[in-house]
Amino acid sequence: MFRVGLGHDRHRIVAGSPLILGGVAIPWDRRLDGHSDADIVLHALTDALLGAVAAGDIGDHFPNTDPQWRGAASVQFVAAALRIVDQAGFEIANVDITIHAEAPKLMAWKTQIATSIAGILNVPDDAVNVKAKTAEGLGPVGRLEALDADAIVLVTRKRAG
Ligand code: MG
C-alpha cells in the first residue's frame with residue numbers, strides 16, 4: 001500500500017548568512033528570511049511527509065506564532081513529521097526534491113544536500129534525489145527575491161512484526 005505526499009516552500013532572500021538548504025550550510029553572501037532557520041528544503045519535505053499520511057501541514061504542527069520554534073533547526077520539524085509517518089504505520093520509499101535558485105549555483109552541492117537528507121530520514125542515500133533549477137531570470141526566483149523548494153515523498157505501509 002502506497003501513499004504520496006507533496007510539499008512546497010518559498011522564503012525571501014535577505015542579506016547575511018548562513019544559507020541552510022537540506023541541513024547543509026551553503027557559502028553565499030545572502031540567506032533566507034524566516035521564523036526558524038528558513039530551510040525551505042526541510043520545510044517542503046516536512047509538508048510532504050505530513051501530506052503522505054493526511055496529517056495536515058507544517059503550520060498545524062509548528063505554528064510560527066509559537067516562540068518555541070523561533071530559530072529552531074528545521075531538522076526538528078522533519079524528525080517530528082517522520083515520527084508521525086512511523087506512528088501511522090508507514091515508512092519512506094523515496095524522496096525527490098527540486099530547489100529553484102537563480103543563485104547560488106547548487107550543482108556542486110546537490111549530492112551533499114541529498115546525503116544530508118538521507119541521514120536525517122535514516123534512509124539509504126539512493127532513496128533521496130535533489131535537483132536544482134534556475135528560473136531563467138523570471139519571477140521572484142529569477143529576480144533573486146526568493147528561493148523555492150518542492151518535495152515529493154512516497155511511503156509504503158510497514159510490514160507487520
Ligand atoms: Mg518555510
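In listed order, ligands and their atoms are each counted from 1.
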Legend entry - Modelled atom types, side-chain donor and acceptor of Thr98 and Asp150, under 3.5 Å: no

Legend entry - the Mg ion (ligand 1): protein N, O or S atoms that are less than 2.8 Å away, sorted by chain: Asp9 OD2, His11 NE2, His43 ND1

Inset, instruction - Return yes if some donor-acceptor pair links the side-chain N/O of Thr115 with the main-chain N/O of Thr111 below 3.5 Å, else return no. - result: yes

With a cut-off of 3.5 Å and sequence neighbours excluded, list every side-chain donor-acceptor pair involving residues 22-33.
none

Legend entry - Validation row: Leu45, Val95 side chains within 4.5 angstrom (heavy atoms): yes

Inset, instruction - For Glu102 and Thr134, indicate whether the former's side chain and the latter's backbone hold a donor-acceptor pair under 3.5 Å. - result: no

Inset, instruction - Go through the side-chain N and O atoms of Asp148 and His100 and say whether any donor and acceptor fall under 3.5 Å apart. - result: no

